[in-house]
Amino acid sequence: MERRAQRHAQVAREKFTLWQQGALIAAIVTAVVLVYLPALQGDFVWDDFLLITGNPLLQNVSGLLKIWSGGRTADYFPLTNTVFWIEHHLFGGNASGYHVVNILLHTANALLVWRLLVRLNIPGAWLAGLIFGVHPIHVASVAWISELKNLLSMFFALLSILCFLELDAKRLRDSAAAYAASLVFFALALLSKTQVVFLPVVLLLCAWWRDKQYTNAGRARPSLPAVRGPGAPSARTGRLGDPSLPKAVMRSSPFFLIAIVLGLVTMWFQNRGIGEEEIVMGSLPRRVVNAAMAIWWYAAHLFAPVRLMAIYPNWRFDSPRLLQWPPLIALVVVVATLWHWRNRGTRGAFFAVSCFIVALLPTVGLVRMAYVRSGTLVADHFQYFADVSLIALFSAGVACVWRQRQRAVQIATAAIVTLLVGAMGTYAFSRAEVYRNEETLWPDNLAKNPNAWQAHIMMAQRRFKQERYAEAAYYAGRAAELKPELADIHNQLGLAYCRLERFEEGIAEYRKALQLKEANPSTARSAAVAKIRTNLANALAVTAERLTGSASTVPEEAMHRYEEAVRQYEEALEIDPQQPAIHRNLGMLLVQLGRNDEAIPHLRATLRIVPNEPTARELLDAIESGRR
C-alpha cells in the first residue's frame, strides 16, 4: 500500500513537472509572438530587394545550383539562400510568409537558449530564454527578412553545442552519433552564416565551465554566476591542464578545421565582392582599439537598449588618439581580473564575458568587412549570437537573489524583472513596427542619424519610383555629399535631375559617376557602367534636340552632343550587347540623324531580343517602306 502511494506521488510529480514545462514553453512562445505581431504585416526592406525579390538565383533550379557553386553570390551562405529559394517558391512576393519563418526560428532559438543553459547547470535559464526572445536589440535579426542567416545559423549552432555537451553523458555508440550530429549542425550553421566560426572556442569554454572546480572548493562559497557544473576534477591547481580539457581540445579539432576552411572561403567571397573598392578599416592599432570600443558598445546596448536604429553614426578609422585606448585597457583588466579570481566567485562571470567577446570577434573590425562601407562598425544584428552569455549572467544573478527566500526580496525582484521584461517587449514591439516598410525604417533612422548616407540613397530610390523627383534629388544630393566616392549615388542624382529637366546638372553627375567607375579596373567594364553611359547618352540626346529646336540646321553644339550620345551608346553596347533598350535608343537617334543604314542593325537587334518591340518595329518598317 505504501509502495503504491509512493508510485502515485511520483507520477503526480512527473505530471506536474510536465505541465509546468509546457506552461513555461507556452509563455516564451506567446511573448515572442506578441512582440513580433507588427512584423507579420511587414514588407520587404533594404537588402531584401537584392537577396529575395530581385534575386535571379531564386527563380529556377539552375539558380539553386549556382547558389551552392557560389558563382554569383557576394557571400557564401548557400543554406540561407536555399531557404530563400524555397520561401520564394512557397510565398512569392508575400512578405508575411517570410516573416512567419523568421519569427518561428527566433522562437525556437529562445527555447534552445533555455535548454542549453539548463544543460550547463546555469540558474535562471528560463528567464534568459524569455529575455533573449523579447529583447529589442534582436528585432533587426527577426523583423528584417534578410537576417534569416542570423536565425538559421544560431539555430544550428545551439543544436551543435547541445549535441557536443551530450558526449560524456552517453554510451560509446550514442556518443559517436551525438558527436557526428554536433559536427553536422556546426557545418550547417557555417553554411547559413560564417560569423559562427567562433563556436569551437565556445565549445572549449563550455567544457571548461562544466568540468572544472574551484580552488579550495570545500571552503569557498561561489557567488551566483559561479554555479558548479557536474563532475569533480582536482581543485588543487585550477589551471588549463585538467584531463577533460585535452579531451575537449581533441574533440573540437575538426570544428576548428571546418571553421578555418569556410571562414577563408567567406573572406575570399567578400573580397571578390568588394573588389578594389577602398574600405577604410584603419591601421592595426586602430582596429584593435575599435574592436575594444565595439565590445563595450554592444554590452552597453544589451543592458541599455535605447535609440536603436538600422545604421549607427560613423566611427573613426584614423590613427587612435591617447584617450581612445582606455576601453581596450579596461577590457583587458576586466578579463584578467575575472580570470585571476575565478576560484573565488568570478568563474561564471569569466565564462560569460569570454563567450561574449569571442562571439563578437568576427564582427568588430579586425578583418575587412563590407558592412563598414556604411561608415559605421556596429549593427544590432551583429550581436545576436553574443548576447546569450551576458543575458545568462544577468538571469543567473536574478536567480541568486530569488533564492534568498526572503519574501520581500522575492516580491521586489519579481516586480523589477516583470517591469524590465515588459519594457523590453514594448520597445521590441515598437521596433518591429519601424521595420514594417521603408517608409517607416529610413525616416526613423534619419531622425536619429541624419548623416546615414545609405538611408538617404534608399529614400532617394524610393521617391524616384514614386515619381517624387524633387525629394529624390534632395535625398540623393545629401547622399552624394556624405559619400562622394560612390558612383551609383551620382548616377541616381543624375536621374533625378534629368526628371526635373535640370539636364546640365544631371549630365555633370553622370560624368562624375563614370569617372569614379572607370578609375577602378574592377568596375570599369561593369554592367553599371553601361547603364551610366546609357543615361548620359539619353541626356545628351535630349539636350541636343532642345538646342536644335525648330532650326533648319543643327547647331554645332547640338551636333557635338548628338555625336557624343552615339559614342556613349556604342560603348555601352560593347559592355552589354544584349541590352535591347540601348539598341533601340541608338537606333532611334541614328534615324533622327538620317543615318538609317547604321540604325537598321540596332533596330533588328532590338527585335531579336524583344520581338515586336513597338518603337523598333515602327521605325524599321518606316525605313523599309521608304526604300520600296
Side-chain angles (χ1 to χ4, degrees), residues 20-42 99-100 102-115 117-118 122-144 151 154 224-225 298-310 352 380-381 383-384 386-404 406-436 440-441 444 448:
Q20 191 179 41
Q21 290 287 318
L24 293 174
I25 291 171
I28 290 180
V29 172
T30 302
V32 173
V33 171
L34 286 175
V35 162
Y36 286 100
L37 279 177
L40 295 176
Q41 304 299 319
H99 283 297
V100 168
N102 276 25
I103 293 170
L104 288 176
L105 274 172
H106 181 59
T107 305
N109 288 342
L111 294 173
L112 286 173
V113 165
W114 172 27
R115 174 62 186 163
L117 297 179
V118 169
I122 295 174
W126 178 84
L127 177 61
L130 176 64
I131 292 174
F132 182 86
V134 303
H135 201 291
I137 205 80
H138 298 153
V139 172
S141 295
V142 184
W144 182 13
L151 305 169
M154 179 69 151
L224 156 81
Y298 283 123
H301 275 68
L302 176 63
F303 289 107
V306 295
R307 287 185 64 80
L308 302 181
M309 62 190 83
D380 291 349
H381 60 276
Q383 66 180 104
Y384 187 73
D387 288 345
V388 173
S389 58
L390 292 191
I391 290 174
L393 184 65
F394 169 80
S395 300
V398 172
C400 183
V401 174
W402 181 266
R403 287 177 179 177
Q404 298 302 312
Q406 296 179 13
R407 186 165 182 78
V409 172
Q410 288 183 336
I411 292 173
T413 301
I416 292 171
V417 170
T418 301
L419 286 173
L420 286 175
V421 172
M424 285 189 286
T426 302
Y427 191 27
F429 186 93
S430 67
R431 288 299 298 164
E433 288 185 318
V434 167
Y435 276 85
R436 186 184 294 269
T440 53
L441 179 63
D444 172 83
K448 298 169 182 174

Taking all non-hydrogen atoms of both residues into account, name the closest pair between [X] and [Y] and its distance.
X	Y	answer
Trp126	Leu24	NE1-O, 3.0 Å
Ala352	Leu393	CB-CB, 3.9 Å
Ala39	Ala143	CB-CB, 4.3 Å
Ala125	Trp114	C-CD1, 3.5 Å
Val139	Ala428	CG2-O, 3.6 Å
Gly124	Ala399	N-CB, 3.6 Å

Using 4.0 Å as the upper bound for N to carboxylate O, is an ion pair formed by Arg431 and Asp444?
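The answer is yes: the pair qualifies as a salt bridge.
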Gap separating the [atom1] atom of [X] from the [atom2] atom of [Y], nearest 0.5 angstrom:
X	Y	atom1	atom2	result
Gln406	Thr413	CD	OG1	10.0 Å
Leu127	Ile131	CG	CD1	4.0 Å
Arg115	Leu111	CZ	CG	12.0 Å
Asp387	Phe394	CG	CZ	13.5 Å
Leu130	Ile28	CG	CD1	6.0 Å
Leu112	Met154	CG	CE	9.0 Å

Show me the pairs that pass side-chain hydrogen bond (donor to acceptor under 3.5 Å, both in side chains) and involve residues 23-37, at least two apart or across chains.
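side-chain hydrogen bond (donor to acceptor under 3.5 Å, both in side chains) check on residues 23-37 returns no pairs.
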Would the distance check show the side chain of His138 and the main-chain N or O of Phe132 forming a donor-acceptor pair, the cut-off being under 3.5 Å?
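Looks like yes, one N/O pair under 3.5 Å.
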Under 4.5 Å between any side-chain heavy atoms of [X] and [Y], yes or no?
X	Y	result
Ile103	Leu40	yes
Val417	Trp402	no
Val134	Val421	yes
Thr440	Glu433	no
Ser141	His106	no

Ignoring hydrogens and angles, write down the donor-acceptor pairs under 3.5 Å from the side chains of residues 298-308, residues two or more places apart or on other chains.
unit_1 : atom_1 : unit_2 : atom_2 : d
Tyr298 : OH     : Ala379 : N      : 3.2
His301 : ND1    : Trp297 : O      : 3.2
Arg307 : NH2    : Lys448 : O      : 3.2

Among side-chain atoms of Tyr435 and His99, is any donor-acceptor pair under 3.5 angstrom?
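There is no such pair (donor and acceptor under 3.5 Å, judged by atom type) between the side chains of Tyr435 and His99.
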Listed partners of Ser389 passing side chain to side chain donor-acceptor pair (under 3.5 Å), at least two apart:
none
